[in-house]
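Just so it is clear, the values below take in all heavy atoms, side chains as well, and ignore hydrogens, waters and symmetry mates. Owing to the predicted nature of the structure, the values given are computational and were not obtained by experimental measurement.
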Amino acid sequence: MLLEQHIEELRLERREAIGPVERREIEIELELARAELAVITAAQESAIDAEPPF
C-alpha cells in the first residue's frame, strides 16, 4: 500500500510541477514506481519466475 500511496503522491506532484525539468523528473520517478509495483504484483501472482533461467 505504501508504494501505491507514493505513486498517487507523485501524480499530484506532477500536476503541480512548475517547469518542464521538474515535471520530467517526477515522471521518471513515477515510471520507476509503477514498474516496481508491476514487478511486485507479478511476483505475488507468480507470473514471473524469480530464479534465473539457467
Side-chain angles (χ1 to χ4, degrees):
M1 186 65 176
L2 186 60
L3 186 55
E4 292 168 341
Q5 289 173 336
H6 182 61
I7 290 171
E8 185 58 32
E9 289 173 4
L10 287 170
R11 287 183 189 144
L12 295 173
E13 281 184 41
R14 183 178 57 182
R15 289 185 205 147
E16 303 292 322
I18 296 171
V21 173
E22 180 183 15
R23 182 177 175 85
R24 184 62 189 142
E25 289 173 353
I26 293 169
E27 286 175 350
I28 290 169
E29 190 174 347
L30 183 56
E31 288 175 31
L32 291 172
R34 286 178 176 157
E36 184 178 351
L37 181 60
V39 168
I40 291 169
T41 301
Q44 288 176 348
E45 295 174 356
S46 299
I48 61 171
D49 188 4
E51 296 296 321
F54 46 90

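Between atom CZ of residue R14 and atom CD1 of residue I26 there is a gap of 9.0 Å, rounded to the nearest 0.5 Å. Rounding to the nearest 0.5 Å places OG1 of T41 at 4.0 Å from CG of L37.
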Show me the donor-acceptor pairs, under 3.5 Å and distance only, between side chains in residues 3-12 and residues at least two apart or in other chains.
unit_1 : atom_1 : unit_2 : atom_2 : d
H6     : NE2    : E29    : OE2    : 3.2
E8     : OE1    : R11    : NH1    : 3.0

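The salt bridge (charged side-chain N to carboxylate O under 4.0 Å, His left out) search around R34 returns none, not counting sequence neighbours. With sequence neighbours left out, the side chain to side chain contact (heavy atoms under 4.5 Å, CB included) criterion links E25 to V21.
Of the possible polar contacts, none joining the R23 side chain to the A17 backbone as a donor-acceptor pair under 3.5 Å is found. A distance-only check finds no donor-acceptor pair linking the side chain of E36 to the backbone of L32 [under 3.5 Å].
Connection of V39 to I28 is not established within any shared hydrophobic cluster, with ILVMFWY side chains joined at heavy-atom distances below 4.5 Å, either directly or through further cluster members.
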